[in-house]
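First up is the structure itself, then whatever we jot down about it.
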Amino acid sequence: MVNRPKYYGREFHGIISREHADELLAGAEGAYLIRESQRQPGTHTLALRFGHQTLNYRLFYDGKHFVGEKRFESVHDLVTDALITLYIETKAAEYIAKMTTNPIYEHLGYTSLLKDKMVHRLSRGRTEQRRVTFQRDEKISSPLVRRSALKDTPEKQCSYEKIHNFKVHTFRGPHWCEYCANFMWGLIAQGVRCSDCGLNVHKQCSKLVPSDCQPDLRRIKKVFSCDLTTLVKAHNTTRPMVVDICIREIELRGMKSEGLYRVSGFSEHIEDVRLAFDRDGEKADISASAYADINIIAGALKLYLRDLPIPVITFDLYSKFIQAAKIPNAESRLEAIHEGLLQLPPAHYETLRYLMAHLKRVTLFEKDNFMNAENLGIVFGPTLMQPPEQNALTTLNDMRQQKLVVQLMIEHEDVLF
């Protein structure tokens with residue numbers, strides 16, 4: 001066949017009409033062919049004989065074959081799945097329609113179990129969030145101390161909930177939804193799978209699944225550039241191990257290093273550290289025998305924080321922190337920053353709290369490292385805060401506020417957290 005695409009075989013019949021395709025397939029139930037459109041040359045149609053009629057589907061190829069969301073390695077696999085799907089839809093049309101329009105989720109055991117888990121989780125989490133009031137007290141003479149006077153309140157409760165990362169998936173053979181326990185069917189769209197924990201559900205069920213994803217370490221392919229909450233849940237830690245390990249090494253041998261966090265290490269060595277964490281996880285060797293220059297470890301920590309898909313101070317809260325930094329009254333400004341901190345996801349809050357406590361300790365060695373809270377704010381502002389639209393002009397205009405937010409969190413770390 002002349003001009004046959006390399007990814008099609010003998011099933012390709014070139015430019016023929018729909019009527020001609022129907023004649024070729026007549027009487028051969030389950031037979032199929034691929035034809036090129038007469039009206040739109042270069043586009044292809046799958047003609048499939050089923051139920052004594054020829055069904056036509058627009059066929060696509062992007063490395064895999066598909067007519068909807070489901071993708072297949074070969075046209076043969078696609079047709080096999082299509083025939084099974086069409087047969088099920090023909091023989092069980094009434095049941096499928098009922099299941100689609102009136103799902104009976106509340107009567108199913110797995111769903112009841114999920115509900116019980118959610119009720120239990122909510123009942124545990126109904127404790128009051130930590131609130132700090134920056135109040136004036138005339139008995140306190142120092143303006144700085146006066147701004148930081150606190151009312152006793154409970155500690156912030158951390159609930160490491162994570163939403164599922166569902167993506168369209170093509171299942172081989174019959175599969176059942178792990179939420180509603182019904183069969184997953186469909187030629188155009190079948191179901192979705194969480195790429196972090198492997199949960200398989202209908203597309204419509206994915207909207208009902210609670211935020212109880214438990215990431216599987218076998219599915220986490222890297223440490224850097226991995227969502228912060230996903231990483232800590234996969235490793236069952238309160239903070240990313242990269243943060244803990246790097247800070248521990250820096251506090252062991254680098255607190256007096258001049259220009260700590262400001263002076264850059266060799267980029268090639270920083271990349272080596274990144275690869276070590278991605279490859280070896282918490283067993284990565286970043287000791288002095290492996291990397292004598294502490295600026296390499298500091299650079300790796302900054303790279304990890306900068307490469308997070310969602311920054312430590314999340315995109316949703318970016319404008320809230322920027323606006324807080326613009327408040328002229330010092331007490332109101334701290335209160336606004338604290339309100340923003342309380343809205344951070346728990347893993348982000350705990351990471352930021354731990355990092356600020358570390359940076360506060362760095363400032364205690366200012367005579368040696370020449371890094372005060374303002375200097376650290378300049379370094380970490382753009383690292384911890386990034387505008388959601390990734391606009392260079394916005395970032396430039398907000399640099400002063402980014403610096404101030406981090407500076408204030410370092411200076412008032414014991415109050416804000």
Side-chain angles (χ1 to χ4, degrees), residues 130 132 155-156 158 160 223-232 235 237-255 257 259-263 265 270 273-274 277 282 286 294-315 317-318 321 324-325 334 337-338 340-366 369 371-386 401-417:
R130 178 177 181 241
V132 177
E155 286 298 313
K156 185 180 190 294
C158 289
Y160 281 67
V223 173
F224 277 60
S225 302
C226 177
D227 173 68
L228 201 155
T229 302
T230 299
L231 189 67
V232 299
H235 288 271
T237 57
T238 55
R239 296 175 301 274
M241 60 176 175
V242 179
V243 175
D244 278 5
I245 295 172
C246 287
I247 286 179
R248 187 162 57 243
E249 190 67 24
I250 290 167
E251 295 199 349
L252 178 67
R253 58 185 176 97
M255 297 295 271
S257 177
L260 181 63
Y261 288 117
R262 178 178 56 79
V263 176
I270 292 174
V273 174
R274 183 187 71 80
F277 275 114
E282 59 188 12
I286 61 169
I294 198 62
N295 294 312
I296 295 171
I297 310 305
L301 176 58
K302 290 189 295 180
L303 177 64
Y304 170 77
L305 296 171
R306 188 167 58 248
D307 280 359
L308 286 171
I310 301 176
V312 177
I313 294 179
T314 61
F315 292 127
L317 294 173
Y318 178 83
F321 278 89
L334 287 178
I337 291 174
H338 182 259
L341 292 173
L342 290 178
Q343 296 178 43
L344 286 172
H348 289 245
Y349 176 92
E350 175 59 25
T351 300
L352 191 60
R353 182 199 66 77
Y354 189 74
L355 178 63
M356 291 303 111
H358 162 66
L359 295 180
K360 183 69 172 284
R361 292 190 290 272
V362 170
T363 64
L364 299 179
F365 295 87
E366 181 186 350
N369 59 36
M371 295 301 290
N372 56 25
E374 182 178 6
N375 292 338
L376 290 169
I378 293 171
V379 173
F380 279 93
T383 299
L384 299 174
M385 302 177 65
Q386 299 171 28
Q401 285 75 34
Q402 291 174 348
K403 182 267 295 182
L404 184 58
V405 167
V406 176
Q407 178 183 342
L408 291 173
M409 287 193 296
I410 296 172
E411 292 174 344
H412 303 283
E413 168 269 331
D414 56 334
V415 171
L416 291 171
F417 296 91

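Computation of the quantities below employed the complete heavy-atom set of this structure, encompassing side-chain atoms and omitting hydrogens, waters and symmetry-equivalent molecules.
For the atom pair CG (L376) and CE (M371), the distance works out to 4.0 Å, reported to the nearest 0.5 Å. Atoms CD1 and OG1, on I378 and T383 in that order, are 12.0 Å from each other to the nearest 0.5 Å. In this structure, CG on N375 lies 9.5 Å from NZ on K403, to the nearest 0.5 angstrom. The structure places NE2 of H235 at 7.5 Å from SG of C226, a figure rounded to the nearest 0.5 Å. Expressed to the nearest 0.5 Å, how far OG of S225 lies from OH of Y304 amounts to 9.5 Å. We find the CG-CD distance between L317 and Q343 to be 5.5 Å, quoted to the nearest 0.5 Å.
Evaluation of the side-chain hydrogen bond (donor to acceptor under 3.5 Å, both in side chains) rule for Y318 yields D398, Q402 as partners, not counting sequence neighbours.
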* Are V415 and L334 close enough, and set up right, to give a side-chain contact (heavy atoms from CB on, under 4.5 Å), and what steps lead you there? -> CA-CA 9 Å; V415 171; L334 287 178; 5.9 Å; no
* Given L404 and E374, is the side-chain contact (heavy atoms from CB on, under 4.5 Å) satisfied, shown in steps? -> CA-CA 7 Å; L404 184 58; E374 182 178 6; over 6 Å; no
* Before giving the answer on side-chain contact (heavy atoms from CB on, under 4.5 Å), spell out for M409 and L341 the whole-Å C-alpha distance, their side-chain angles and the decisive distance to 0.1 Å. => CA-CA 10 Å; M409 287 193 296; L341 292 173; 3.9 Å; yes
* To do: Evaluate side-chain contact (heavy atoms from CB on, under 4.5 Å) for F277 paired with I286, printing each intermediate quantity in order.
  => CA-CA 9 Å; F277 275 114; I286 61 169; 4.1 Å; yes
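Proximity of M356 to L384: side-chain heavy atoms (C-beta onward) are separated by under 4.5 Å at one or more points. The shortest side-chain heavy-atom distance between H348 and I313 does not fall under the 4.5 Å cut-off. Between L252 and R248 there is no side-chain heavy-atom pair separated by less than 4.5 Å. Taking 4.5 Å as the limit, every side-chain heavy atom of Y261 sits out of range of all side-chain heavy atoms of N295. At a threshold of 4.5 Å between non-hydrogen side-chain atoms, the residues E249 and R253 count as touching. In this structure, the side chains of N369 and T363 stay at 4.5 Å or more apart for every pair of heavy atoms. Between V232 and M241 the shortest side-chain heavy-atom distance does not fall below 4.5 Å. Residues F224 and V242 have side chains in contact (heavy-atom distance under 4.5 Å, counting atoms from C-beta outward).
What you find for I270 and G265 is that their closest heavy atoms are CD1-O, 3.8 Å. Considering all non-hydrogen atoms of both residues, G381 and V406 come closest at CA-CG2, 3.7 Å. Annotation for L416 and L408: closest pair CD1-O, 3.8 Å, computed over non-hydrogen atoms. Across I294 and G254, no two heavy atoms sit closer than the pair CG1-CA, 3.8 Å. Among all heavy-atom pairs drawn from L260 and A298, the shortest one is CD1-CB, 4.3 Å.
Here the options are M385, Q386, R306, the test is side-chain contact (heavy atoms from CB on, under 4.5 Å), and the partner is P311; only Q386 passes.
Centroid-to-centroid, the aromatic rings of Y349 and F417 come within less than 6.0 Å.
A 6.0 Å sphere centred on CD of E366 holds more than 12 heavy atoms belonging to other residues, nucleotides or ligands.
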